[in-house]
Amino acid sequence: MTTVLFDFSGTLFRVESTERWLRAVLDAAGIVLAEPELAAKARELEAAGALPGGAAPARLPEEMAEVWHVRDESAELHRAAYTGLSRQVTLPDPALHDALYDRHRTPAAWSPYPDAHEVMNGLRERGSRVGVVSNIGWDLRPVFRAHGLDPYVDAYVLSYEHGVQKPDPRLFTVACEALDADPRSTLMVGDDRRADGGAAALGCAVHFVDHLPAAERPDGLRPVLDLVG
């Protein structure tokens with residue numbers, strides 16, 4: 001393998017917990033909730049699937065189904081999908097729904113997995129080219145820069161910038177072309193069997209990791225170095 005493509009959320013980075021997400025936004029707005037109420041609202045938001053990169057909706061409202069399935073094809077659709085889910089939960093101020101969406105796009109909301117730097121550096125030392133291929137509705141490059149991973153990435157291929165989302169092979173084709181890579185010598189690393197598995201249609205090898213909290217997956221990326229050789 002001469003080229004490695006990585007997914008973002010659940011693969012290289014993990015988003016903060018729903019409770020921490022809500023707490024940060026409430027603090028910024030100067031709104032104080034009693035701890036039991038804050039915890040209850042966080043559970044409601046989690047069940048609604050309102051945190052991008054967090055849990056999927058426990059029940060997808062019928063009126064949200066159409067936008068949900070194409071949410072990663074544009075910035076507008078992505079915001080509409082997640083703020084729509086957030087609005088299923090009553091919060092002290094309606095402006096908090098947009099504030100929550102904006103919070104998740106900040107570097108502070110994300111943490112790299114413990115072995116991400118080691119693995120990315122190891123790939124650089126081996127001379128491998130590295131791309132990030134993500135279903136997303138916003139520019140994640142600042143997250144990589146803030147956490148020191150940007151120097152290891154040769155190309156970012158983000159669904160909203162191309163109007164197509166994984167598992168559509170076209171997104172992986174864009175990535176391989178950007179890196180001048182032969183798909184047969186390319187490894188796709190991701191946590192979503194369906195979305196990331198779409199790379200196999202081009203002839204890429206695929207390796208899956210578990211989408212777990214960062215502290216619970218200290219070395220899930222290290223096998224990538226063995227696969228590259």
Peer 1: What are the two closest non-hydrogen atoms of Pro107 and His147, and how far apart are they?
Peer 2: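 Smallest interatomic distance, heavy atoms only, reads O-NE2, 3.0 Å.
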Peer 1: Where is the tightest heavy-atom contact between Ala214 and Arg14, given as atom of each residue plus distance?
Peer 2: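 The answer is N-CG, 4.0 Å.
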Peer 1: State yes or no: do Leu225 and Leu149 share one hydrophobic cluster built from I, L, V, M, F, W and Y residues joined by side-chain heavy-atom distances below 4.5 Å, directly or via other members?
Peer 2: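 Leu225 clusters together with Leu149.
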Peer 1: Same cluster or not: are Phe144 and Val209 linked, directly or through other Ile, Leu, Val, Met, Phe, Trp or Tyr residues, by side-chain heavy atoms under 4.5 angstrom apart?
Peer 2: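 Linked within one cluster.
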Peer 1: Mind running side chain to side chain donor-acceptor pair (under 3.5 Å) on His117 and Tyr152 for me, showing each step along the way?
Peer 2: CA-CA 9 Å; His117 285 84; Tyr152 302 116; over 6 Å; no
Peer 1: Please report the interatomic distance OG(Ser86) to NE2(His97), rounded to the nearest 0.5 Å.
Peer 2: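 The NE2 atom of His97 is 4.5 Å from OG of Ser86, to the nearest 0.5 Å.
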Peer 1: Considering the options Leu51, Leu100, Leu85, which one meets the side chain to side chain contact (heavy atoms under 4.5 Å, CB included) requirement together with Leu45?
Peer 2: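 Of Leu51, Leu100, Leu85, side chain to side chain contact (heavy atoms under 4.5 Å, CB included) with Leu45 is met by Leu100 alone.
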Peer 1: With rounding to the nearest 0.5 Å, note down the distance linking CG in Leu158 to CG in Leu140.
Peer 2: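 Here the rounded value is 4.5 Å.
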Peer 1: Mind telling me whether Trp138 and His104 have parallel, tilted or perpendicular rings, with 30° and 60° as the class edges?
Peer 2: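 Because their plane-to-plane angle is over 60°, the rings of His104 and Trp138 count as perpendicular.
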Peer 1: Over 60° means perpendicular and under 30° means parallel, so tell me whether Tyr82 and Trp68 are parallel, tilted or perpendicular.
Peer 2: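 Ring orientation of Tyr82 relative to Trp68: perpendicular.
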Peer 1: For a 4.5 angstrom cut-off between non-hydrogen side-chain atoms, does Arg79 reach Asp98?
Peer 2: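 Arg79 vs Asp98: side chains touch.
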Peer 1: Taking side chain as C-beta onward, heavy atoms only, is Arg124 less than 4.5 Å from Val130?
Peer 2: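 No, too far: nothing below the 4.5 Å cut-off.
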Peer 1: Can you measure from CZ (Phe8) to CD1 (Ile136) and round to the nearest 0.5 angstrom?
Peer 2: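 Going from the CZ atom of Phe8 to the CD1 atom of Ile136 covers 5.0 Å.
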Peer 1: Could you tell me the separation between the CD atom of Glu44 and the OG1 atom of Thr18, rounded to the nearest 0.5 Å?
Peer 2: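 Glu44 CD to Thr18 OG1: 12.0 Å, rounded to 0.5 Å.
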